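Note sheet for the following structure.
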There are 2 protein chains.
Amino acid sequence: MARTPAPFDELDYQILLALRENARQPAADIARLTGANERTVRNRIDRMAESGAIRLTSIVDPHAFGYVNTVDIFLEVDPEQEQAAIDNLLNRQEITYLALGQGTKEVSIEGRFKDIAEMREFLGRVLPAVPGVHVTGYALVPRIIRNIDSWLPKADDFAHLDNEN
Amino acid sequence: MARTPAPFDELDYQILLALRENARQPAADIARLTGANERTVRNRIDRMAESGAIRLTSIVDPHAFGYVNTVDIFLEVDPEQEQAAIDNLLNRQEITYLALGQGTKEVSIEGRFKDIAEMREFLGRVLPAVPGVHVTGYALVPRIIRNIDSWLPKADDFAHLDNEN
DNA sequence: GCTGAAAATTATGCATT
DNA sequence: AATGCATAATTTTCAGC
């Protein structure tokens, strides 16, 4: 193992759980909740945020803005135009997810739309007009039940001071 | 249109942008940034959070915890056991995403793992052991470039007081 | 729904261990 | 790295518009 082991402990975990419910929750509250020192809690929050282990952010609910139609789209992208195509796609507000696939030509995206007409327009006109991009398939997504924002590591990824190496 | 139009304006949008970078940024800072009243900024934040339009949360970076292997998995689920199967899957920490597909039997998930062995175990042993679940396919995901946490509505989803209906 | 002012709470900077 | 303390800044409460 060349990677450094997770330098996170039980307190970090509890702070994480608290911030996940409300990122603006005062460190003092979390200190009371956990019994830890208020100053320590703030140090931990700063450390986790600055290291990039967590991101304290605002997630917008697409439904609240009327984006009720979700579709997963599978693309084949000309390798020579891949970077330009991806840059192009990343500029599109409709795209909520973009990932590279195993093959060099595979790219999958997710789009959200206010109505079916917008979605069809995107699939039939917008995407085909992006140089190097071919739509190989798509599938409507009626309901997303879990997404990355609710993900957590295993509890024992937070060291109990006894599982080093 | 039966749904209420987005009751958000330019100020909400700017607040959103600020909170997206740092959910703990003080309302006073945002007030200075936008020229809006400090108290108004807090009211807006509270309103957007309470209405569910935004969620102020902590997103954990799987990479920081060693979860470097991502795989998209397509499942066929026996309709009679669907709810139990989904509940079962939702209890699994490895699953970062779970969505229902168009067909009544289709479910797609994304899993993250620390190594390929864990991933293979999940695909070959864990999933097949869930009653009513059959793996119909999977695809490794080498790199996710955009995810839902960075999504934003269109700028003109924030009313300029002139686009009502 | 927006804003103001005092009181309560919280965060920051610095120093100590 | 954790913590205590003084100071600065912020949030809250209650109010009026």
Side-chain angles (χ1 to χ4, degrees), chain A residues 3-58 60 64-65 153 156-165, chain B residues 3-58 60-61 64-65 153 157-165:
Chain A
R3 192 166 30 71
T4 52
F8 306 103
D9 65 10
E10 189 66 31
L11 177 58
D12 293 309
Y13 185 60
Q14 293 187 276
I15 292 171
L16 216 59
L17 294 178
L19 291 178
R20 216 160 62 111
E21 288 186 23
N22 175 15
R24 287 178 84 80
Q25 183 160 16
D29 281 359
I30 302 175
R32 280 187 284 271
L33 203 72
T34 58
N37 182 280
E38 186 179 316
R39 202 56 243 257
T40 301
V41 171
R42 175 142 275 289
N43 286 342
R44 298 297 191 95
I45 295 174
D46 291 346
R47 216 176 302 149
M48 287 194 285
E50 275 164 31
S51 73
I54 64 173
R55 233 153 18 90
L56 301 167
T57 191
S58 163
V60 182
F65 288 84
D156 57 77
D157 288 324
F158 298 86
H160 306 304
L161 298 171
D162 52 29
N163 60 355
E164 181 75 10
N165 283 12
Chain B
R3 190 167 30 69
T4 52
F8 306 104
D9 65 11
E10 190 66 29
L11 176 58
D12 293 309
Y13 186 58
Q14 292 187 276
I15 292 171
L16 217 58
L17 293 178
L19 292 178
R20 218 161 60 111
E21 287 185 25
N22 175 15
R24 288 177 84 80
Q25 183 162 15
D29 282 359
I30 302 175
R32 279 186 285 271
L33 203 73
T34 57
N37 181 280
E38 190 179 313
R39 197 54 236 271
T40 301
V41 171
R42 273 189 218 104
N43 286 343
R44 299 297 191 95
I45 295 174
D46 291 346
R47 217 176 302 150
M48 286 194 286
E50 275 164 33
S51 74
I54 65 174
R55 234 151 18 90
L56 301 167
T57 189
S58 163
V60 182
D61 176 14
F65 288 84
D157 287 324
F158 298 87
H160 307 303
L161 297 171
D162 52 27
N163 63 355
E164 180 76 11
N165 279 15

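Just so it is clear, the structure is predicted and the values come from calculations on it, not from any experiment. Throughout, protein chains are lettered first and strands after them, A, B, ... in sequence-line order, and every chain is numbered starting at 1. Note that these values count all heavy atoms, side chains included, but never hydrogens, waters or copies made by symmetry.
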| Is any NZ, NE, NH1 or NH2 atom of the basic residue among Arg44(A) and Asp9(A) found under 4.0 Å from an Asp or Glu carboxylate oxygen of the other? | yes

| task | Using a strict cut-off of less than 4.0 Å between a Lys/Arg side-chain nitrogen and an Asp/Glu carboxylate oxygen, indicate whether Glu38(A) and Arg42(A) qualify as a salt bridge. | result | no

| field | For Ala27(B) against Ile45(B), the heavy-atom pair lying closest together | value | CB-CD1, 4.4 Å

Do [X] and [Y] come close enough that some side-chain heavy atom pair is under 4.5 Å?
X        : Y        : result
Asp29(A) : Arg32(A) : yes
Asn43(B) : Asn37(B) : no
Thr40(B) : Leu11(B) : yes

Side chain of [X]: nearest nucleotide among [options]?
X        : options                  : value
Arg47(B) : dA2(D), dT3(D), dG1(C)   : dG1(C)
Arg44(B) : dT11(D), dC2(C), dT10(C) : dC2(C)
Ala27(A) : dT3(D), dT10(C), dA11(C) : dA11(C)

To the nearest angstrom, how far is [X] atom [atom1] from [N] atom [atom2]?
X        : N       : atom1 : atom2 : answer
Asn22(B) : dA11(C) : CG    : P     : 12 Å
Ile45(A) : dA1(D)  : CD1   : P     : 16 Å
Asn37(B) : dT11(D) : CG    : C1'   : 13 Å
Asp29(A) : dT11(D) : CG    : P     : 13 Å
Arg32(A) : dT10(C) : CZ    : C1'   : 9 Å
Arg24(B) : dT12(C) : CZ    : C1'   : 13 Å
Gln25(B) : dT12(C) : CD    : P     : 12 Å

| Thr57(B) side-chain N/O to Ala23(A) backbone N/O, donor-acceptor pair under 3.5 Å | no

| query | If only side-chain N and O atoms of Thr40(A) are considered, is one of them under 4.0 Å from the OP1 or OP2 phosphate oxygen of dT3(D)? | reply | yes

Enumerate all atom pairs, one protein N or O and one N or O from nucleotides 12-15 of chain D, separated by less than 3.5 Å.
unit_1, atom_1, unit_2, atom_2, d
dT13(D), O4, Arg39(B), NH1, 3.4
dC14(D), N4, Arg39(B), NH1, 3.2

